[in-house]
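Heads up, the thing below is written out as structure tokens.
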Amino acid sequence: MDLAQSILEGNRLALARTLTLVENDQPEGQKAINALFAHTGRAHLIGITGAPGTGKSSLVNQLARHYRRPAAGMPARQVAIVAVDPTSPFTGGAILGDRIRMRNLSGDAGVFIRSMASRGTLGGLAATTASLVQVFDAAGYEIILIETVGAGQDEIEIARLAHTTLVVEAPGLGDDIQAIKAGILEIADILVINKADQSGVENTERALRGMLELAHPTRRPFLGEANPTPENETPLWIPPIMRTIATADEGTPELIEKIGEHRQHLLESGEWQQRERERLSTEMRMVLRESLLQEWLAQIPDGAYQAALDSLYQRQISPRQAVQQLLQNNKETKP
Ligand SMILES: Nc1nc2c(ncn2[C@@H]2O[C@H](COP(=O)(O)OP(=O)(O)OP(=O)(O)O)[C@@H](O)[C@H]2O)c(=O)[nH]1
Ligand SMILES: [Mg+2]
């Protein structure tokens, strides 16, 4: 079966098989991506991240339902959900929990849910997620929801993949400013206070607002400086704070509207195209670096790399000297 062709024809089995091949870094998976790549670039990638247990999966579930059954006049969108779980071996239960919470979506052919357990081998979690997303994009999934847990380097890298990133907080957690990692606030396009049925919502919102002002100070002209002409400036997006109750499906339509506004903002400001280009160039650079390294390592004399490392470990040479020596020796030993 030609996987790429079958995927383009809407074959879900081919899609599932390709996702597995891609996740396991199999050459067949890469071959499919090569054939599919021209069909990518249409999906809206939406990242959902935040501390464990804030209700991300419940929220993703509601978002997907609304995208499938939109308000009158809007077309239903095909939705893919990628649940990224970097600590999977230890939290197998959490994945199962996600599957159960998302059960009211199963049976809908317009939704495809994928839990990602492996870190992949080439380029790590972010690179593997990027590849999976490309497959979904080509397959015609217009909305791709990517759920990640926490604020580690992996999560931030994955968030950079998304066009729109939602950072989900819950009352109680947000009261402690220390609990909100500055890094994760920086990547937020929309802040969501979920579990708005619980007490402490106001405190959380106040804390978030305070942090937002630090992260995104509103620009005022200095004394004597001409007022910046708004027409000439790229409009600034200040992350809005939204409240939701995912378990009662409250606030979801408003959240979807904000997500749409953010998309519109990206398109009108030119940031959409800029983000796409940055992402693609980063991906190409990553692959190039890795390929050059592997190729070069394969053709240097046996033991040369280890010898350089040993000298380095004994502090006879610095890391730069080690590299210089390797590059030099390699040139000299070439015919
Ligand atoms: N009261 C209340 N509970 C909620 C709300 N949203 C989710 N929950 C509950 O919070 C718990 C965690 O929800 P999940 O959706 O699994 O949270 P998560 O952020 O995906 O969790 P991890 O993926 O494990 O980090 C579940 O018991 C949900 O039923 C809400 O708006 N209000
Ligand atoms: Mg979850």
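We count ligands from 1, going down the list as the structure has it; atoms in each ligand are counted the same way. Keep in mind that this is a model prediction, so the values were computed, not measured.
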* Is ligand 1 under 4.0 Å from a heavy atom in the side chain of Asp197, in the backbone, in both, or in neither? -> side chain
* Asked: For atom 13 (O) of ligand 1, which of Gly50, Ser58, Ala51 has the closest heavy atom?
  -> Ser58
* CD/Glu261: more than 12 non-hydrogen atoms of other groups inside 6.0 Å -> yes
* Asked: Tell me, do Arg263 and His163 make a side-chain contact under 4.5 Å, heavy atoms counted?
  -> no
* May I ask you to check if ligand 1 and Gly55 share an N or O to N or O distance below 3.5 Å? => yes
* To do: Could you tell me whether ligand 1 has any atom less than 4.0 Å away from a heavy atom of Glu147?
  => yes
* To do: Indicate, with yes or no, if Leu166 and Ile245 share a hydrophobic cluster defined by side-chain heavy-atom contacts under 4.5 Å among Ile, Leu, Val, Met, Phe, Trp and Tyr.
  => no
* To do: Using a cut-off of strictly less than 2.8 Å, determine whether Ser58 has an N/O/S atom near the Mg ion (ligand 2).
  => no
* Structure fact -> The single option from Asp189, Leu255, Ile190 that satisfies side-chain contact (heavy atoms from CB on, under 4.5 Å) with Pro240 is Ile190
* At the Mg ion (ligand 2): angle between Ser57 atom OG and Glu147 atom OE2, to 10 degrees -> 90°
* Heavy-atom neighbours of Glu276 CD exceed 12 at 6.0 Å -> yes
* ligand 1 N/O within reach of Ile245 N/O, cut-off under 3.5 Å -> no
